[in-house]
S.K.: 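Supplied in structure tokens, the structure appears directly below.
Here is the naming used below: chain letters follow the sequence lines, and residue numbers restart at 1 for every chain.
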Number of protein chains: 2
Amino acid sequence: MSGSKLDPIDRKILAELQADGRMTNVELAKRVGISAPPCLRRVRTLEEAGYIRGYHADVDSRELGFEVQVFAMVGLQSQAESDLSAFEARCRDWPLVRECHMLNGEVDFVLKCVAPDLSTFQSFLTEQLTSADNVGSVKTSLVIRCAKDEPGVPFDVLEARLTSAS
Amino acid sequence: MSGSKLDPIDRKILAELQADGRMTNVELAKRVGISAPPCLRRVRTLEEAGYIRGYHADVDSRELGFEVQVFAMVGLQSQAESDLSAFEARCRDWPLVRECHMLNGEVDFVLKCVAPDLSTFQSFLTEQLTSADNVGSVKTSLVIRCAKDEPGVPFDVLEARLTSAS
DNA sequence: CGCAAGCGCGAAATATTATTGCGCTCCCAC
DNA sequence: GTGGGAGCGCAATAATATTTCGCGCTTGCG
């Protein structure tokens, strides 16, 4: 299975950096129980192997004036691969669309969108999204509040699995 | 409006750190066009003011063995505030649930979930989520593929707005 | 067994970076 | 003008990152 090349220290590194991506290498090394140089080597290896995709500041979009968040469920008219890709490409070009996931089931895509205000979003919705080629149905839901937002890996679950599997 | 206390340099800092959260302060200072000390002061201020919520490594969950991602649309039987909060609290306790957003419309919540495999998810679905107190309907959709995943603020949109408003 | 190769560690040395203190300038109110 | 505050850059110091080196441990083979 995936991840079998990682030892417990590597997983601890990933967990710590997921929790605090700006942690100092010496602090990280202290926490995972090795000295700084091998710790840094491991981090570099994990980055190059793709376990770590990048590091990002978590910026509060509401504080910056993006007060509207919306989930949009999109159904297309054609599900041919070329049409799916074309729609995905358009999503990548729309800055208000922050996430685009293709789904199974009755809905083809779920989009997470942001906007400064409702009217901006509605303009986008009617002028761009709904009127785009091949878009059949669009159902939108405003986010009223967010109870949990912790993208990433539940390392506690991972460790529990590996422990029981050993 | 929100964000009016930020000058162009602050916004540039936020944009750069969102793109690369591990950027060195001197590199950041170079990019935003000021020297290192005031740059660091600004970053600290932005952190304390809540514009920056934190820093996180973006860990590839698939590489770590979480091959299943699911969006779950949940409807509750009672939408009384105490019942909503109770459900949110349960979501925060479920490690497989990574995001929980309360919505308007016919669905009360959308959850983003991860799991190592389908059977793990289905166990969670039937034994935990569907059978939880007050849960009415649950519709799940597997994520087939992800075309875009850039949580955060579209700073280009923000700058365009501020420019036209000035 | 015994030896050699390879891997990963830690210690020390060096290069970069973070952080602090200070003086300067600009801008605004008076 | 002139006093005061905010923000900058410079220089010095502390902390951290990064490289280099040698050691010990395991592995695999004679």
S.K.: Mind checking if A:Arg42 touches a base, just sugar-phosphate, or nothing, with heavy atoms under 4.0 Å?
M.R.: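 Sugar-phosphate, backbone atoms only, no base.
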S.K.: Round to a whole Å and report the spacing from CD1 of B:Ile9 to P of D:dG7.
M.R.: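 In whole Å, D:dG7 P lies 11 Å from B:Ile9 CD1.
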S.K.: Earliest and latest nucleotide of DNA chain C, 5' to 3', sitting under 4.0 Å from a non-hydrogen atom of chain B?
M.R.: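 So the contact region on DNA chain C extends C:dT17 to C:dT20.
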S.K.: Looking at B:Lys148 and A:Glu88, is there a salt bridge between them, counting it only when a charged N and a carboxylate O are closer than 4.0 Å?
M.R.: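 Judged by the 4.0 Å cut-off on N to carboxylate O distance, A:Glu88 and B:Lys148 do not form a salt bridge.
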S.K.: Considering only NZ, NE, NH1 and NH2 on the basic side and carboxylate oxygens on the acidic side, decide whether A:Arg42 and A:Asp7 come within less than 4.0 Å.
M.R.: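 A salt bridge links A:Arg42 with A:Asp7.
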S.K.: In whole Å, what is the span from the CZ atom of B:Arg22 to the P atom of D:dT16?
M.R.: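 Rounded to the whole Å, the gap is 13 Å.
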S.K.: Assess, by modelled atom type and distance only, whether the side chains of B:Gln18 and B:Tyr55 contain a donor and an acceptor separated by less than 3.5 Å.
M.R.: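 Short answer, no.
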S.K.: Which whole-number value in Å describes the distance from B:Lys30 NZ to D:dG9 C1'?
M.R.: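 Computing the B:Lys30:NZ to D:dG9:C1' distance gives 16 Å.
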S.K.: Classify A:Ser35 by what it touches in the nucleic acid, base, sugar-phosphate, or nothing, heavy-atom distance under 4.0 Å.
M.R.: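 If one applies the 4.0 Å heavy-atom cut-off, A:Ser35 turns out to touch a base.
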S.K.: Please report, rounded to the nearest Å, how far the P atom of D:dA6 is from the CZ atom of B:Arg41.
M.R.: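 Between P of D:dA6 and CZ of B:Arg41: 13 Å.
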S.K.: Can you check the B:Asp10 CG to D:dA6 P distance for me, whole Å?
M.R.: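 Distance check: B:Asp10 CG to D:dA6 P gives 15 Å.
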S.K.: Please determine, for the side chain of B:Ile34, which listed nucleotide (D:dG9, D:dC10, D:dT20) has the closest atom?
M.R.: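 The answer is D:dG9, which lies nearest to the side chain.
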S.K.: Would you indicate which nucleotide in D:dC8, D:dC10, D:dT20 comes nearest to any side-chain atom of B:Pro37?
M.R.: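 Output: D:dC10.
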